[in-house]
Amino acid sequence: MSKNLKRTASTENDKKPKKAKQNIGSDSESELSDAPEINGDAQPQTQVKQEASQSPIKNAVDTTETTNNTNDAKDAPKKDEDTHMDEPNEPKSESESDAPKKSTKKSNKDDDDEFGDKPKPKKSRKSAPVKKEESDADDDDEPRKPAKKAPRKSSTSTKNSQKPQKTPASKSLEDTKEGTLLDAVRLQAHYLQNANGDVKEEGEEEEDYKWWAEQGGFGDGTERWTTLEHNGVFFPPEYVPLPKQVRMKYDGKIVELSQEAEEVAGFYAAVLGSDHAADEVFNKNFFHDFLTVLKDHPPLDGTKIKEFSKCDFQPIRDHLDREKEKKKAMTKDEKKQAKEQREEIEKPFTHCLLDGRKEKVGNFRIEPPSLFRGRGAHPKKGKLKLRIKPEQITINIGKDATVPDPPAGTNWGSVQHDNTVTWLATWKENINGAYKYVYLAPGSTLKGQSDMSKFEKARELKNYIGKIRQSYEGDLQNKVMFDRQRATAAYLVDRLALRAGNEKGEDEADTVGCCSLRCEHVMLRPPNLVTFDFLGKDSVRFYQEDIKVEPQVFKNLRIFKKEPKGPQDPIFDRIHTTVLNNYFRNFMKGLSAKVFRTYNASITFQEELKQTPQEGTVAEKLLAFNRANRNVAILCNHQKNVSKNHDAAMDKMGDRLKALKYQRRKLRQMLAQVVDDKDVYKEHPSFKEEESDLEDEWMDAHEENERDKEIERQKKKFERENEKLRSEDQKEMKPGELEDRIKDVEEKWKTITKERRSGKPDVGKKNQTQLVTSMQKIEDRLEAFRVNASNKDEVKDVSLGTSKINYIDPRITVAWCKAYEVPVEKVFAKTLLTKFTWAMETSPEWKF
DNA sequence: AAGCGAACTTAGCAAAATGGAC
DNA sequence: GTCCATTTTGCTAAGTTCGCTT
């Protein structure tokens, strides 16, 4: 039976090794490529793989609608077209990776030396920008100079033609604004004090501004808004010192930390027990920064903290846990009240006024200090992320708007009025020097416009994709290495939905995308199977075994991997993302690598949705939807961790499945007794089939179980009835009554068990027709349940959300919902409904 | 042509909210 | 209503892209 229910074996599981080693590929590579060439057919591809490749795109070779194939075959014999390209002599028993080294012909100067005798160490990194003294606790809080950058595209807020229409709604907002703005600041300064009086429910301003009904997306203009008012940002609360009795220990003894150090110790206490606390790099980085803080703010009792291993943060952790418990133990009312209070003080920041419309702000909260939780093998994980001061923040706001006051006694780093950008505030983070921004929420018009134009761009690609594929497929054999690499990269981006793959620095996790693939990430197996194994964005492993590619792509990869390159050398040494994107842009304005992901995801989804059963329950249709969604997620390699209790949940489902089978068994045996028309079995052959894996042992246990449950129910019922009698001042039933009832139940189950063992359950008054109906019903339920269970298992490590949120044009979904009469709420949660309001009016016939 | 700054999208995980079983 | 598992949302890290500078 259900092999589905057993966790699909191994292969699945190593899909996402939490911390895969960097050089995953390196050794298995030789293994693979050394394999003697099995000619042609006999490839033992794994199930899993096949599965994945059923998505139109996955199987790179059997392209759908393209003009490919053309000429690869004919070029086979002609090898080595010129100086630039030296193709290894036709594959012979011997495999690619160790092809006879044959010095690269000269060709383009620079690159070749790189391959010289020694494989260049990993990737040539950008000239290291000087290692800043690690201390980093010394933040450079020099305020960002106002207009250091020339805004990307000209002009700051200029008056422009289209004035913001003052809707009545916006007016009402303006009215409250004065108070709100000021209050905001005040509130923030005193944080908890619940000052403001006025912010009244601003009535439902039913302003539905349908920007999408207007001329489609934001056009050529670079200006994104005309007026912008907001209240600035919300700072996290100041640090609250621990109660006196809560102290970390050092070498077994209590330490009186300075407040500054205590806060940092608290950050660490918070990660105790997590994977991070077991991570060497994390601990090292943390302790380094902790020491830095301790140096400036030494323990008050003179303790000298020197060794990480002697630090005991557990007391702090225990305290945090207790606090958490306390919070959990609050009554409903208390919780509600606390929440309302929180919302009240945040209220000024949740919305802004953009072109006179009230719009939701997204991340208005300044990120609180903490320990940096870099993903994968990030060299900086564990470092102290510092508290952001107002002086580090740049505010972007309309020219004529009132600039929000910074918290009392502080200043904003700077204030600018740039309407070509969409952020309200920005700051630079101290770990990586990355910029952080406060943007509007996904449901805002600004974001909605961007979103829609993203999908429009992807749709536009439809018109060019044929030409593009033709072009790069032709170039796969181009004599110029540069072109050939570019074409091959384009192929991977298009067919395998790889990301562009920018270069990364030494101080980041070692992850790659298309252009940054290294030899160790790609294994070749003749005639044209390629295995990819690398860590992509977020250090999620991309592992695809034996993908069938165009023969020419296979050849190219072999060439690109050739000696003298080593495992650490890049496959695409002549190109990088900019080259690739410039190439794409030749075909279509605004086309870049990422558009292919959007395009392929959406087109795949639309295609897969055709599997939806025309007739069928909503549940069945939803299943089809999720299947399609899943295929897209697999295409994009969107993964998630298998939930901790997935196994348990599956076991439970297995049990429930057996319970269904148990019922079916009984019905089947009943039917067998009454059947008078043998045609029933002709019509429903399955009605004769026995249930798989229904052991007597299990049924014994099951019946016992059911019996016990029923007894429990009887007891409760008895209690209830007595309770009622009491309240009506009547006499209670005697305990003996309950005993009798229990006895009845026990008798009943005894009979059931006996009958079951005999294989002849009591039929009662049921006739054949009734039993047939019941049988059909139970079989349907069984099937539905099976499908559901296997679906759940299939999806356990696949993240559906990411593609739903970012890659699948919501109009496809809306059209589908309308065509199949499925309520949109079934597929879009509240936030997505908001985010995609622009797509809600799509007609059922709409096509991506 | 490489490298950087800036701004924006995409991503998985953890916390919070929800909803279904009891 | 309570409890628990699942779903949704929040958070912020990690990508891509593109223009500008050197």
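What you see below is based on every heavy atom in this structure, not just the backbone, and it leaves out hydrogens, waters and symmetry mates. We name chains A, B, ... by the order of the sequence lines, and we start the count at 1 in each one.
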**Report entry** Residue pair A:Lys347, A:Glu340: steps toward the salt bridge (Lys or Arg N to Asp or Glu O under 4.0 Å) verdict
**Finding:** CA-CA 10 Å; A:Lys347 194 158 187 181; A:Glu340 277 166 9; over 6 Å; no
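Checking A:Arg387, A:Lys436, A:Arg373, A:Lys428 one by one against A:Glu367, the salt bridge (Lys or Arg N to Asp or Glu O under 4.0 Å) holds for a single residue, A:Lys436.
If you find the closest nucleotide of DNA chain B to A:Asn806 and to A:Arg342, the one lying nearer the 5' end belongs to A:Asn806. If A:Arg656 and A:Arg597 are placed on DNA chain B by their nearest nucleotide, the residue sitting closer to the 5' end is A:Arg597. Positionally, the nearest nucleotide of DNA chain C for A:Leu371 lies more toward the 5' end than for the other of A:Arg585 and A:Leu371. For the pair A:Cys514 and A:Pro368, both in contact range of DNA chain C, the more 5′-proximal nearest nucleotide belongs to A:Pro368.
Closest of all the heavy-atom pairs between A:Lys360 and A:Ser444 is O-CB, 4.2 Å. Between A:Lys328 and A:Lys335, the shortest heavy-atom distance links the atoms O-NZ, 3.4 Å.
Out of B:dA7, C:dA14, B:dA17, the shortest distance to the side chain of A:Trp423 is found at B:dA7.
In this structure, A:Asn705 places its CG atom 12 Å from P of B:dC22, rounding to the nearest Å. Distance A:Asn581 CG to C:dG15 P: 17 Å, rounded to the nearest Å. Separating the NZ atom of A:Lys336 from the P atom of B:dA17 is a distance of 13 Å, rounded to the nearest angstrom. Between A:Asn641 atom CG and B:dC13 atom P the separation is 4 Å, expressed in whole Å. Across the protein-nucleic acid pair, A:Asp538 atom CG and B:dC13 atom P stand 8 Å apart, rounded to whole Å. Rounded to whole Å, the distance from CD on A:Glu503 to P on B:dG5 is 17 Å. Going from atom CG of A:Asp510 over to atom P of C:dA14 covers 13 Å, rounded to whole Å. Spacing between atom NE2 of A:His378 and atom P of B:dG12 amounts to 17 Å, rounded to whole angstrom units.
Under the 3.5 Å distance criterion, with hydrogens and angles disregarded, no donor-acceptor pair is assigned to the side chains of A:Ser643 and A:Lys796.
In this structure, A:Trp838 and A:Trp211 have tilted ring planes: the angle between them lies in the 30° to 60° band. The aromatic rings of A:Phe596 and A:Phe584 sit tilted, their planes meeting at an angle between 30° and 60°. A tilted orientation is assigned to the rings of A:Tyr437 and A:Trp423, their planes being inclined by 30° to 60°. Note on ring orientation: taking the six-membered ring where Trp is involved, the planes of A:Tyr268 and A:Phe282 are tilted (angle from 30° to 60°).
Within residues 589-596 of chain A, the residues that have a heavy atom under 4.0 Å from DNA chain C are, in order of number, A:Ser592, A:Ala593, A:Lys594.
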Distances for protein N/O vs nucleotides 4-10 of chain C N/O pairs under 3.5 angstrom?
residue, atom, partner, partner atom, Å
C:dT6, OP1, A:Lys792, NZ, 2.7
C:dT9, OP1, A:Thr831, N, 3.1
C:dT9, OP2, A:Thr831, OG1, 2.3

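No side-chain donor-acceptor contact under 3.5 Å links A:Arg585 to the backbone of A:Gly590.
The phosphate of B:dA11 (OP1 or OP2) has no side-chain N or O of A:Ser799 nearer than 4.0 angstrom. Of the side-chain N and O atoms in A:Thr802, one or more sit less than 4.0 angstrom from OP1 or OP2 of B:dG12. Residue A:Tyr807 places at least one side-chain N or O under 4.0 Å from the OP1 or OP2 atom of B:dA11.
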